[in-house]
Amino acid sequence: MEIKSVILAAGKGTRMKSNTPKVLHKIMEKPLLGYVLDNVKDIVNEAYVIVGHHAEEVTDYVNSNYSFAKTVLQSPQLGTGHAVSMVCPYLANFDGLAIILCGDTPLITESTLKKFIEYHISCGSDLTVMSTIFDNPTNYGRIIREDDNSLKCIVEEKDATAEQKAVNEVNAGIYCLNWKKIKPAFSQLTSNNAQGEYYLTDIISWGKNQNLKVNAYILENNEEIYGINSRANLAEATRIMNTRKLTSLMENGVTIVDPSSTWISEDTEIGNDTIIYPSTYIEGKNKIGSNCKIGPCAHLRGGVEIADNCKIGNFVEVKKAKIDHNTNAGHLSYIGDSEIGANVNIGAGTITANYNPLTKVKSKTILKDNVKIGSNTVLVAPVEVQEGANIGAGSVITKTIPQWALALTRAPLRIIEGWVKKNS
Ligand code: UD1
Ligand code: CA
């Protein structure tokens, strides 16, 4: 069956107190919305992202990163039900499943979404809502059930009676719809509630009244539906995401010396027997091989590919670089926009000067196999050091260095005997 997704991302996110739209706030350099889109990209053939506040910025992000997704403008924003109704013209003849998600809920996983859809299909449901249990359900919509335990409706915190507020099964904000059957609901929702909004949650009672099959899928791990509404939520979600990543890396044979000071993005792959030393921060999309040593205090900023048996030591920053096997950059270096061969040694304090602030152009540094770079070298890009060449310590390299040559720009050493005594 064809599956499409609708992702709600038009809301204001008032509590972030930010000029950046909420769904573009980042966890380890990836926007919240990116996590949601990545989770559905292998499940659906198309996603509609509902945009409103800062629509242009969100649209730019979606268009430049996700070809399977398109944005649909909701203006003004009259509630979650109104948001979904924006896709009706696009899905007029669609007869498959629609998965509705929120752009501010980045911790949901692809495997949970797959189980959720399987559950919907195996129950023969027309509408399935994901729910979970919270000790403190405050602010979430409550799942209200009939005496026979079947679903009745969802009541928002602001509309709930004291008795309803005591219910701790909550609406995760994730739905699976047999689109054709539920679609008529969107022209029939009303805003007759405490917030004066068209609530998406009202499709549950609507479905019941139409004698459609309405079910809830109870998610055990309530962490996955943690929503971001504030900076504190963002920090907490980052922590949860990181713990998840470190745990999975350790299970796959990576040593993390100190999980409490190590940050590794979801999109970083690391081979077994690699050791990550404390205070290392790895953001964005990276691939690190086996038997590497990273850190302490290394910073990988995305677009980094490191082959096996490499060492990236303390206070080394790497961005957009491909590094072949057995290569070492042990201390205090910056490696950006680079292609580095095998068996290369990069001395302490080596800098690739990749950025020209006048032209704002970034250029590439290429170091071929077996190159040795002496300490405190500046490689002014674009520049290439050919195979096996050596660079003397303290050099500034601005031209191609031919293979097996020695290059150095060091000023000659002068020794003036007795100078100190004579001048004191
Ligand atoms: C919503 C649910 C609540 C559920 C909770 C789970 C409703 C009425 N309530 O509440 O039952 O427990 O999510 O997190 O659906 N949005 C739009 N357009 C709008 C309004 C909102 O796109 O007009 C987007 C927001 O950007 C956000 C999502 O919809 O991504 C949810 O909206 P939000 O206001 O955060 O709803 P909650 O109060 O959290
Ligand atoms: Ca929310």
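- Judged as a side chain to side chain donor-acceptor pair (under 3.5 Å), and not counting sequence neighbours, the contacts of Trp206 are Gln188.
- Residues forming a ring-ring contact (aromatic ring centres under 6.0 Å, His included) with Phe68 (at least two apart in sequence, or on another chain): none.
- With sequence neighbours excluded, the residues forming a salt bridge (charged side-chain N to carboxylate O under 4.0 Å, His left out) with Asp38 are Lys30, Lys41, listed by chain and number.
- Judged as a ring pair (Phe, Tyr, Trp, His ring centres under 6.0 Å), not a single pair has a partner in residues 359-383 (not counting sequence neighbours).
- Using a 4.0 Å cut-off between charged side-chain N and carboxylate O, Lys114 and Glu110 make a salt bridge.
- The residues Glu29 and Lys285 are annotated as not salt-bridged, no charged nitrogen and carboxylate oxygen being separated by less than 4.0 angstrom.
- Judged as a salt bridge (charged side-chain N to carboxylate O under 4.0 Å, His left out), and not counting sequence neighbours, Lys322 has no contacts.
- Residues forming a salt bridge (charged side-chain N to carboxylate O under 4.0 Å, His left out) with Lys165 (at least two apart in sequence, or on another chain): none.
- Taking 4.0 Å as the cut-off between side-chain N and carboxylate O, Glu339 and Lys364 count as a salt-bridged pair.
- Legend: side-chain hydrogen bond (donor to acceptor under 3.5 Å, both in side chains) pairs involving residues 212-223, not counting sequence neighbours, sorted by first then second residue: Ser125-Asn215.
- The list of ring pair (Phe, Tyr, Trp, His ring centres under 6.0 Å) pairs with a residue in residues 285-324, not counting sequence neighbours, reads Tyr281-His299.
- Checked by atom type, the side-chain pair Asn136/Thr138 shows a donor-acceptor distance below 3.5 Å.
- Residue pairs that meet the ring pair (Phe, Tyr, Trp, His ring centres under 6.0 Å) test with at least one member in residues 95-114, sequence neighbours left out, do not exist here.
- Identified under the ring pair (Phe, Tyr, Trp, His ring centres under 6.0 Å) test for residues 1-55, with sequence neighbours left out: Tyr48-Tyr90.
- Between Glu236 and Arg239, at least one side-chain nitrogen of the basic residue sits less than 4.0 Å from a carboxylate oxygen of the acidic one, meeting the salt-bridge criterion.
- Using a cut-off of 4.0 Å between Lys/Arg side-chain N and Asp/Glu carboxylate O, Lys4 and Glu46 are scored as salt-bridged.
- Residues that satisfy the side chain to side chain contact (heavy atoms under 4.5 Å, CB included) test with Tyr355, not counting sequence neighbours, are Pro357, Lys360, Lys362.
- For Asp324, there are no salt bridge (charged side-chain N to carboxylate O under 4.0 Å, His left out) partners, not counting sequence neighbours.
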